[in-house]
Amino acid sequence: MSTEPNAPDATAAGGIIYNNKNFYASLIDKWVGSRFGDSSNTQGMTPFNSLDLSLGYTTGRVIGPMNHVKFKLNLTNLLNSHSINYFNGYASDGKTALYFTQPGLGAFGSISVPFDIGH
């Protein structure tokens with residue numbers, strides 16, 4: 001029996017979200033189950049997960065037309081996992097399997113500054 005390549009047998013996500021006035025936080029874990037990287041079921045891959053954290057804060061009026069400035073920080077893959085997450089076929093020799101792994105811990109930040117110039 002063959003399967004769709006890279007299609008997991010199950011997926012799940014869960015976590016907590018906190019949102020109160022100007023502060024936001026979330027901690028979400030995403031899990032991907034076992035799967036095969038090829039349609040002939042020869043390249044089995046184990047489950048993996050990614051635990052992600054997001055923090056945000058929104059100010060009140062700052063200066064003049066600047067209103068509700070938002071600061072955000074996102075951390076992805078907090079556990080710094082490097083599990084195999086994708087089968088990408090074979091090398092030119094036709095025998096050596098090529099895989100991608102999770103990219104590890106990532107950090108992203110942003111500042112959003114809306115301007116209220118219409119009123």
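Along the sequence shown, residues carry numbers from 1.
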(message) Using side-chain heavy atoms (C-beta onward) and a distance below 4.5 Å, is I28 in contact with I17?
(response) yes
(message) Any donor-acceptor pair under 3.5 Å linking the side-chain atoms of D52 with those of S50?
(response) yes
(request) Could you grab the distance from atom OG of S92 to atom CG of L98, nearest 0.5 Å is fine? (result) 9.0 Å
(request) State the OH-CG distance between Y99 and N88, to the nearest 0.5 angstrom. (result) 11.0 Å
(message) Measuring from atom CG of N85 to atom CG of N49, what distance do you get when rounded to the nearest 0.5 angstrom?
(response) 11.5 Å
(request) Identify the heavy atoms of Y24 and S54 that sit nearest to each other, and give their distance. (result) CE2-OG, 3.8 Å
(request) Report yes if the side chains of M45 and N6 come closer than 4.5 Å at any heavy-atom pair, otherwise no. (result) yes
(message) Just to verify, what does K70 make a salt bridge (charged side-chain N to carboxylate O under 4.0 Å, His left out) with, not counting sequence neighbours?
(response) none
(request) Only counting residues at least two apart or in another chain, list the ones meeting ring pair (Phe, Tyr, Trp, His ring centres under 6.0 Å) with F71. (result) none
(request) Kindly indicate whether the side chain of T46, heavy atoms from C-beta on, has any atom under 4.5 Å from the side chain of I84. (result) no
(message) Per the ring pair (Phe, Tyr, Trp, His ring centres under 6.0 Å) rule, what does the pair list look like for residues 40-69, sequence neighbours excluded?
(response) none
(message) So, taking the atom named CG in D29 and the one named CG in L79, what distance separates them when rounded to the nearest 0.5 Å?
(response) 7.5 Å
(message) Side-chain heavy atoms nearer than 4.5 Å, only ILVMFWY residues, links allowed to pass through others: does that put I16 and Y18 together?
(response) yes
(message) Ignoring hydrogens, what is the shortest heavy-atom contact between G37 and P5? Give both atom names and the distance.
(response) O-CB, 3.5 Å
(message) If I compare all heavy atoms of Q102 with all of H82, which pair ends up nearest, and what's the gap?
(response) O-ND1, 3.4 Å
(message) Could you work out, with side chain to side chain contact (heavy atoms under 4.5 Å, CB included) as the rule, every residue matching D93, not counting sequence neighbours?
(response) A91, K95, T96
(request) Go through the structure and list residues passing side chain to side chain contact (heavy atoms under 4.5 Å, CB included) with Y90, not counting sequence neighbours. (result) D38, T42, Q43, F87, A97
(message) I need the S81 OG to L51 CG distance, nearest 0.5 Å.
(response) 11.0 Å
(request) Sorted by first residue and then second, give each salt bridge (charged side-chain N to carboxylate O under 4.0 Å, His left out) pair with at least one member in residues 71-88; sequence neighbours left out. (result) none
(request) May I ask you to decide if the ring planes of F100 and Y86 are parallel, tilted or perpendicular, using 30° and 60° as cut-offs? (result) parallel
(message) If I compare all heavy atoms of L55 with all of A25, which pair ends up nearest, and what's the gap?
(response) CD2-CB, 3.7 Å
(message) Within the structure provided, determine whether L78 and L105 are in side-chain contact (heavy-atom separation under 4.5 Å).
(response) yes
